[in-house]
Q: 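Before anything else, here's the structure in question.
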Amino acid sequence: MTVKDYEEIIGKRMKSARLKHSKNVAKEAVRLAKKYGADVQKAEIAGILHDATKETPDDEQLALMEKIGLSSAEMKNSSRKLWHAISGSAFVQTELGITDEDIINAIRYHTTGRANMTVLEKVIFVADFTSADRDYEGVDKMRKIADKDLDEAVLEGMAFTIADLAQRKVTIAPDTFAGYNYMAALKSKK
Ligand code: DGI
Ligand code: FE
Ligand code: FE
């Protein structure tokens with residue numbers, strides 16, 4: 001299947017604004033992949049598909065996650081915001097037949113990040129913060145950092161997310177902390 005095919009499939013599952021975001025993330029992921037040496041084709045695919053199930057009903061997302069061996073009971077304990085990354089990684093495997101581990105993990109960890117990410121995982125994580133449609137306080141700084149240092153951009157994104165979640169006093173996923181600690185330790189060693 002081509003990126004156009006994927007675009008058509010996910011376009012039926014989401015509103016036009018989210019499809020536009022997905023296309024922007026794919027485009028930004030391609031740019032970052034070229035810059036930082038990730039597989040460009042995989043970056044485009046992971047980018048277009050990263051939010052594939054963001055507008056999918058909860059019961060369908062739970063069914064997708066069960067298909068890859070995660071129990072609904074377990075998932076109900078994790079934040080609803082994190083479901084789409086996991087169910088999206090299940091969707092691309094079970095419905096689209098994608099078997100590439102790096103693409104699957106780039107989607108799986110695009111919201112939280114994690115420790116020891118691959119270059120492709122980092123590219124998707126950062127592209128979601130710097131895509132053309134993003135317009136938050138600090139996006140210009142984030143784009144500047146993304147143009148200079150991919151690891152620094154990952155750390156900046158993780159710090160931004162953790163600060164925002166702590167400010168709102170909502171739960172923070174273990175992978176989010178693990179990712180932050182990993183990148184912060186790496187920076188202090190540099
Ligand atoms: O799907 P997008 O909107 O493009 O972006 P995303 O997948 O990065 O989702 C961002 C949302 O996820 C934002 O509301 C913050 C939330 N989030 C990220 N990490 C965590 C989290 N929410 C909780 N509760 N815990 C986390 O660790
Ligand atoms: Fe997302
Ligand atoms: Fe996104």
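Counting starts at 1 for both ligands and their atoms, following the listed order.
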Q: Run the salt bridge (Lys or Arg N to Asp or Glu O under 4.0 Å) check on E55 and R13 step by step: do they pass?
A: CA-CA 7 Å; E55 295 178 12; R13 310 177 64 86; over 6 Å; no
Q: Please walk me through it: do N116 and Y182 pass side-chain hydrogen bond (donor to acceptor under 3.5 Å, both in side chains)?
A: CA-CA 7 Å; N116 203 9; Y182 186 93; 3.2 Å; yes
Q: Within the 4.5 Å heavy-atom criterion, are M1 and I98 side-chain neighbours or not?
A: no
Q: Going through the distances and angles, do E28 and T130 end up as a side-chain hydrogen bond (donor to acceptor under 3.5 Å, both in side chains)?
A: CA-CA 7 Å; E28 174 71 351; T130 56; 2.6 Å; yes
Q: Do the side chains of R31 and D147 get close enough for a salt bridge, i.e. N-O under 4.0 angstrom?
A: yes
Q: Just to verify, which of V3, T2, L96 counts as forming a side-chain contact (heavy atoms from CB on, under 4.5 Å) with I45?
A: V3
Q: Less than 3.5 Å apart, any donor N or O on the side chain of T118 or D102 sitting next to an acceptor on the other?
A: yes
Q: Does a side-chain N-to-carboxylate-O contact under 4.0 Å join E44 and K27?
A: no
Q: Could you please give the number of protein N/O/S atoms within less than 2.8 Å of the Fe ion (ligand 2)?
A: 3
Q: Name each N or O atom in ligand 1 that is under 3.5 Å from a protein N or O, and give the partner atom and the distance.
A:
residue, atom, partner, partner atom, Å
ligand 1, 1 (O), D51, OD1, 3.1
ligand 1, 1 (O), D51, OD2, 3.4
ligand 1, 1 (O), K54, NZ, 2.7
ligand 1, 1 (O), H84, NE2, 3.1
ligand 1, 3 (O), K54, NZ, 3.0
ligand 1, 4 (O), H21, NE2, 3.1
ligand 1, 4 (O), D51, OD2, 3.1
ligand 1, 4 (O), D128, OD1, 3.3
ligand 1, 4 (O), R134, NH2, 2.8
ligand 1, 5 (O), D128, OD2, 3.4
ligand 1, 7 (O), H84, NE2, 3.1
ligand 1, 7 (O), H110, NE2, 3.0
ligand 1, 7 (O), T111, OG1, 2.7
ligand 1, 24 (N), S79, OG, 3.3
ligand 1, 24 (N), T171, O, 2.9
ligand 1, 25 (N), T171, O, 3.0
ligand 1, 27 (O), A173, N, 2.9
ligand 1, 27 (O), T176, OG1, 2.8

Q: Among K187, K144, K141, K122, whose salt bridge (Lys or Arg N to Asp or Glu O under 4.0 Å) with E152 holds?
A: K187
Q: Can a donor-acceptor pair be found between the side chains of T176 and T112 at a distance below 3.5 Å?
A: no
Q: Please name the atom of H21, limited to N, O or S, that comes nearest to the Fe ion (ligand 3).
A: NE2
